[in-house]
There are 2 protein chains.
Amino acid sequence: MKTGNHPAKTNAYHHGNLRQSLVDSAVAILEHSGVPGLSLRAVAKASGVSQAAPYSHFSNKQSLLAEVARVGYVRFCERMARELDRDDNRLVGLGKGYVFFALENPALFHLMFSGELAQLVNVDEIDDAFLQGYQMLVDVIAENPLTQFGSDLPHLDTAYAWSVVHGIATLILGNQISAKRYNLNTDEELVEKMLEKYFSATEEVT
Amino acid sequence: MKTGNHPAKTNAYHHGNLRQSLVDSAVAILEHSGVPGLSLRAVAKASGVSQAAPYSHFSNKQSLLAEVARVGYVRFCERMARELDRDDNRLVGLGKGYVFFALENPALFHLMFSGELAQLVNVDEIDDAFLQGYQMLVDVIAENPLTQFGSDLPHLDTAYAWSVVHGIATLILGNQISAKRYNLNTDEELVEKMLEKYFSATEEVT
DNA sequence: CGACTTATCTTAGCGATGTCAAGATCGACG
DNA sequence: CGTCGATCTTGACATCGCTAAGATAAGTCG
C-alpha cells in the first residue's frame, strides 16, 4: 500500500519520510479517485500509517492539500513550458499548455484554483512555482503585446489572457463547452482553434 | 427556524410544502454560510423537519443541490437581463451581468458551475433557465458579430465570449485577479474596464 | 553504557455528515 | 369507518476531520 519512496526509512514504526510520502499518496489518489476520494484516512492508509499520523506533519487537511496544490503548480509550469516553444505564437502555445494541463489533470487543476485554498495559497503570498507560471504569461505578453485591443491599460492584458484560457479550461471541465458541439473530434482540437483565432492577431505590431 | 412559506401547510406533522421550503432554506444557508455550511441536516432543521425528511422529496443531497442550482440559473438570467440594456454595447452589458452575479452570489455561482452537478445539470439536458441564459449570449453575438477576430468559425464566438466572462468571474472569486493589483477601487470597476476594452471593437461591422 | 528528551506514530474516541431501515402519522378515498 | 399511500420521525451505520493519551524509537548527553 505504500507509495514506495522511503529513502530515509528506519523501521516499521517510524516511517522515515512520511511527509513526502503523504503528499505523493494524495496526488496519486487525486488522480485516479478525484476530490471525493481524497480523505485524510485514505491518504494515511495509502502511505501505510494510521489515521492520525499525518497530524505529525500537517496541522490539518488543508495544509496537506496546499502541499498537493504546490506539486500541481510545478507540473503546471512544466506543462506550459513544454508547449511554449512548439507554437509560432508563443501566447497560443502558453495557452495550450494551460488548458491541456487542466484537461489532463482535472482534479488537480480544480484543487489548485477552486479558491478553497485561497487563504493559504493566493497570489500575494504564493510559492515560487505559481509565480513562475504567472511570470511566463507576463513575459510572453510583454514580448508580444495585444495591440489589437488598443494600447491603453496594457497591464490589463495579462489578466485578460489569463481569463480567456482559464475560462476555456473551466468550461470544458464543467462540460459546458465540448468539442462535439462544434463538430470537432477532441477537446484539444477545440482549444487549438479557439486560441489560434482569438490570440493570433498580433502581426501588425512588428 | 422555518423559512416562512408554507402555503399548503396542513398540520405540525405533515409540512405541506416541504420540497419548496427545503430549496429555499438551502439557498438561504448557501448565501450566508457558503458551501461548507450547507449540510442536509442543517437544511432540514432550517425547514423545521427531521434529518431524514428530505429523502421523501429528493433521492439524495445532489438532487437537492441541483434544484438549488436551478434557482441560481433563474436569478442569473434575471441579473444578466437587468444589465443587458444599460450598456451601449449589449455584449459588454451581458458580460457585466454575468460577472456581477458571480461576485454577488459567490457560493451559488460556484455550485452552479463547479461541475460536481455536471452529471445532473449539463448543457445537453439542462433546464429552461440555463438555456435561456445561453440563448441571450447567442442572440447578442448574432446581432453584433465579433468580426474583429475574423469571420471564420463564427459559431466559436459564443464559446469565446463565454470563456472570457467566466474566466474573469472565476479568477476574481479565487482571488487570483483583484482590483487592487490594477490600482482600482472595486472589482466592479475592473470588470467594466476589461469588458469595455476587450468586447468593444465591433464598430466596423455596421 | 545508560538515562533523559523529543519527534513520530498508534489507539481510542468525539461530533458531524450522508444515507438507510423501520415505524408513526395523517389526509384521501372507497 | 377502514384501508392505503404519501409523508415524516426515530434510530442507527459507516465515514469523515480532528484531538487526547500513550507507546515507540532515535538522538543526545552524562
Side-chain angles (χ1 to χ4, degrees), chain A residues 1-3 5-26 29-30 33-68 107 111 114 116-117 119-120, chain B residues 1-3 5-26 29-30 33-68 107 111 114 116-117 119-120:
Chain A
M1 279 296 175
K2 304 187 180 182
T3 49
N5 51 340
H6 313 294
K9 174 163 183 171
T10 53
N11 58 54
Y13 195 94
H14 282 65
H15 184 286
N17 195 14
L18 182 56
R19 184 186 168 94
Q20 187 59 46
S21 174
L22 288 170
V23 175
D24 295 342
S25 299
I29 291 175
L30 196 61
S33 299
V35 174
L38 186 60
S39 70
L40 254 190
R41 295 166 120 100
V43 173
K45 182 178 292 184
S47 285
V49 293
S50 74
Q51 45 183 261
Y55 288 92
S56 293
H57 301 273
F58 299 96
S59 58
N60 50 32
K61 186 183 181 181
Q62 276 216 332
S63 300
L64 210 195
L65 296 189
E67 263 319 293
V68 173
L111 178 68
S114 67
E116 298 163 15
L117 304 174
Q119 307 99 5
L120 300 169
Chain B
M1 277 295 175
K2 304 186 180 183
T3 48
N5 50 341
H6 313 293
K9 174 164 184 170
T10 52
N11 58 54
Y13 196 93
H14 283 66
H15 185 286
N17 196 14
L18 182 56
R19 185 186 168 93
Q20 186 60 45
S21 174
L22 289 169
V23 175
D24 295 342
S25 299
I29 291 175
L30 197 61
S33 298
V35 173
L38 186 61
S39 70
L40 254 190
R41 294 166 119 99
V43 172
K45 183 178 292 184
S47 285
V49 294
S50 74
Q51 46 184 259
Y55 287 91
S56 293
H57 301 274
F58 300 95
S59 58
N60 50 32
K61 187 183 183 182
Q62 275 216 332
S63 301
L64 209 197
L65 296 188
E67 259 326 285
V68 174
L111 179 67
S114 66
E116 298 163 14
L117 305 174
Q119 306 98 5
L120 301 168

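Quick note on labels: first sequence line is chain A, next is B, and so on, each numbered from 1. All values below were derived from every heavy atom in this structure, side-chain atoms included, with hydrogens, water molecules and symmetry-related copies excluded. As the structure is a prediction and not an experimental result, all values here were calculated from the model.
Put simply, CG on Leu64(A) is 10 Å from P on dC18(D), counting in whole angstrom units. Separating the CG atom of Leu22(B) from the C1' atom of dC8(D) is a distance of 12 Å, rounded to the nearest angstrom. Rounding to whole angstrom units, CZ of residue Phe58(A) and C1' of dC9(C) are separated by 15 Å. With rounding to whole Å, Leu18(B) atom CG is found 9 Å from dT7(D) atom P. In this structure, NZ of Lys45(A) is placed 18 Å from P of dC9(C), rounded to the nearest angstrom.
Residue Ser56(B) places its side chain closer to dT7(D) than to any other of dT10(C), dT7(D), dG17(D). Nearest to the side chain of Tyr55(B), among dC18(D), dC8(D), dT19(C), sits dT19(C).
Atom CD of Glu67(A) sits about 10.5 Å away from atom CG of Asp24(A), to the nearest 0.5 Å.
Here the closest heavy-atom approach between residue Gln51(A) and residue Pro54(A) is recorded as O-CD, 3.3 Å. Listed here is the closest heavy atom pair of Leu22(B) and Phe58(B): CD1-CE1, 4.0 Å. Minimum interatomic distance between Leu30(A) and Ala107(A) (heavy atoms only, all atoms of both residues): O-CB, 3.5 Å.
Distances shown here put a side-chain N or O of His57(A) below 4.0 Å from the OP1 or OP2 atom of dC9(C).
A donor-acceptor pair is defined here as one N or O able to donate and one able to accept, closer than 3.5 Å; such a pair exists between the side chain of Ser47(A) and the backbone of Ser21(A).
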For nucleotides 14-16 of chain D, give me every protein contact, N/O to N/O, under 3.5 Å, one pair per line with atom names.
unit_1  : atom_1 : unit_2   : atom_2 : d
dC16(D) : OP1    : Ser39(A) : OG     : 3.3

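Residues Leu65(A) and Leu38(A) have side chains in contact (heavy-atom distance under 4.5 Å, counting atoms from C-beta outward).
If you check distances only, the side chain of Gln51(B) does reach the base of dA12(D) with a donor-acceptor pair under 3.5 Å.
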